[in-house]
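Below, all heavy atoms of this structure are taken into account, side chains as well, without hydrogens, waters or symmetry copies. We're numbering straight along the sequence, starting at 1. Both ligands and their constituent atoms are indexed starting at 1 by order of listing. Model, not experiment: these values are computed from the prediction.
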Amino acid sequence: MTFIETLTHHLYKTYPETISELCIVFPNRRAGLFFKNALASLSERPLWAPEIYSIEDFITKLSETEILDPMGQLFELYEIILKIEKEKSPTFDDFLKWGQTLLADFNDIDSYLVRPEDLFGNLKSIKELENWSLGSDQLTAFQQEYLHFWKSLGKYYLAFREKLSIKKQAYHGLAYRLAIEKIEEKINRHRWHKIIFAGFNALNTAEELIFKRLVALDKAEVFWDADTYYVDNKIQEAGRFLRKYKVSGQFTYNNEKHFNWVVDKLGNEEKFITITGVNKNIGQAKLAGQLIQQMLERNPSLDLKKTAIVLGDENLLFPVLHSLPETPGGINVTMGYPLKNTPIAGFSELLFQLHENKMRMGREEFYYQDIFKLCSHPYTKLLTEADRLVRYIRENNITFCHLETIEKYLTDTSLFSDFQKTANIYSNLHKITEALSQALQIQWEKRLDKNKQASNIELEYLFAYSKIIRRIHTLSSNYNSIEGLKTFRTLLNQLIRATNLAFYGEPISGLQVMGMLETRTLDFENIILLSANEGVLPSGKKQNSFIPHDVRKVFNLPSYAEKDSIFAFHFYHLLQRAKNIDIVYNTEPGNLGGVEKSRFLSQLIYEFPQINKKSSITEQILEADTGRINEKYPILIPKTTRMMETIRQKGESGYSPSLLNIYRNCSLKFYFQLICKLREKEEVDETIKADTLGNVIHKTLEAFFKPFEGKTIHTSDLIEMKKQAGNQLNFNFEKYHPAADLSSGKNLLTVRVAQKFLNNFFDRQQLEVIQSVKEKKQFHIEQIEHELVSEITVKNQTIQIKGTIDRIDRVGSSLRIIDYKTGKTEEKELKVTETEELLHEQTLNKSFQLLLYAWLYTRNKPFTFPILSGIIGFRQHKSGLSTVKINGSDAITKEVLNDFEQVLAQVLEEIFNPEIPFTQTTDKKVCVYCDYKTICNR
Ligand code: SF4
């Protein structure tokens, strides 16, 4: 029997006539639902259910006040500080940084019934001592301010309490303090036959006092849900509080009754425990899905209401929901889920960042990186044509984008509307959330895999977000503190961080997904506990408080040591009545909770076999599925008909030397590029990149030499070009890189480098012209940026080959095909010994390109051999034209081109052969700069 069932039976038997007049108080609301259900199935006759409360609701009722929500508390407290400090008050922004911590401390002070004058007096003295020095030095202004803050805390507290009590309002801690005053009188105002407190563990001082007093008056009974394993073992931290209560004897009336109930299930009942380490959160979520699947396969009629997936870390909620199979009875999520972990919180943050950065930079336009971040969010894509805007910005290299431009690309521009004034922020956010809610609903209706649970949850957090916005709006009309984007954003973020969405599924049926806290008082036969890592279970030494640890101890306020014991209780309580237990932890280093499994697991592995001989514990680590490619099994992609069609179509539009080189180097890379069209994401470049530099130099030279096509060039022409080079370069940089600031930094250096390249180039060209004059040869420009196309037939297939040659000139009788390169070219790259080397050798990419140009040229123009084909490298300005050499000769003859054509045909034959799959290159040097190396694990 579960604890709730045991309790129901006991109360039904003990109070057969008066059960409806009981008041039952549980640690949470959820237990009440289980209780009602158990009572309904027990009773054969209809009966009035007793009054059931969670402890918070019960205390609020007794306090006879209204609980002010956290946001209202913040504003009230700030008003108090304004009144006390007047012109010395902190700004609202500054206050928001510590206001919540102070409120949490007030909460503790009251619920633990600490005398505020003692505590704040102590704090003041401690801080004075910390700042005291032997010398006679005056305190600095900062020290004085610091001390003033500590001295004022007590004043803030008292004034805050007074203000709330006038309005008959309270925060939870204060409600406890108020509830305890004249408690007997208050209880007597209700017609409760008895109050039943059930399933508690760690009580705060006020609860302890209320329970004891009511028990002593025979007005209440307390039922614990404990196990001898941790209650009788004096050093087991899980039983830390219950041992104390048991020993005190004050929770049982006149000590007549037993300390109900301490069961012996952990040491006596059969349990099958499996502890599994798995990589990453997603690995844990998948494992949970697989375990449920296996349960259903073993027993298709399994009643999943006895099964719970317990999430140590709430972040796992969505991965788990998406990993679960279809389950009979559905999935019921009952847990608090932090709003800060939801997509709406991320979306809101990006939106505010966009507007705040715009304001901070004092510009009218939006920064492209902020636009990209916002546009990459799925919600932005739902609202408007985000990709279209991003594409435009990328293609035009825009760094700052004006609203007018945005309006041309987006039909809905509310994300970019004014966010400066509070009223505008509110109305814009209101519009955005409305539109989002509609868009989400339309999307779900369209979706085939309708995941109702996930959709409802998505709508819930959108609703919670808009509730916060509305609340800020209401408060902003009552208080003047909220003005402007920055304050609005800080307040909104604080509230998002402080908001936990309470998901309550239909708790009685179906698979239960819940957080650790929600397991209190509940029992399940099958448990899957996730994130059993140190730092999660227990959560560690995190405490946000103005009250130092030692002072907390003196005043009996809770610290992390107590928190650890509470976690330990939840952990062992979860195992108490369960039979099949899977505990999963994350093995990924650096993640939340790190690589270490929870110390509770180590304790379990060590102690449990000694106390329970009927149970088994199995430990295992699951191999991580990293999705990486195994070296032993390289990627191999057979060519499908569709792929062959793409290859054929490219044959019609023309294969370029660079695409052929990609294939020669690695057929898989060719597949990624041509078939999958996978391209590296083009980013807006604020600094000039190498390819832009190359492009600008090419365009500058084209502008200079194009007018000389078909003409002889003289040194005077080159001198003039050199003079104009600077202007022409700047013109082209501005044209092809409008976003770049050329006047400083790296960009200025790049412009200088380009000028140097061109100066050296023109000097060298002059020397060549002078030499040609000496040799009585004419220096004739034939063609500039000349596009050539030719075809080749391979296995009855006609394939177009195309290429653009930077410059073709003639010095005397030598025809020279020239390619400009701003990168470095090594000698070995232009040395071909055997033409077969050109089939795949990647160091010969440039040679292949130069020979292909020569081949294209000879098939398009009347010519006479020999031809030279080479590179003018701007980094090696002294060497002039570096020509490709076949067997040591740079003269490209008819034989050379015939051999080359065979190589070309062979490369194309491979490409067009459906039997040859795409596969990874064996030459790993190719992979070093490949964009796809993460896919290939190279
Ligand atoms: S990483 Fe290497 S094997 Fe993979 S596509 Fe690139 S070049 Fe080919």
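- Counting non-hydrogen atoms of neighbouring residues, nucleotides and ligands closer than 6.0 angstrom, the NZ atom of Lys381 exceeds 12 such neighbours.
- The local environment of CD in Gln620 is crowded, with over 12 non-hydrogen atoms from other residues, nucleotides or ligands closer than 6.0 Å.
- In this structure, OG1 on Thr405 lies 6.0 Å from CD1 on Ile398, to the nearest 0.5 angstrom.
- Remark: Phe848 engages Phe900 in a ring-ring contact (aromatic ring centres under 6.0 Å, His included) (not counting sequence neighbours).
- The shortest heavy-atom contact between Ser323 and Lys286 is OG-N, 3.9 Å.
- Counting all heavy atoms, side chain and backbone alike, Glu837 lies closest to Arg664 at O-NH2, 4.3 Å.
- For atom 2 (Fe) of ligand 1, protein N, O or S atoms closer than 2.8 Å were enumerated as Cys927 SG, with waters left out.
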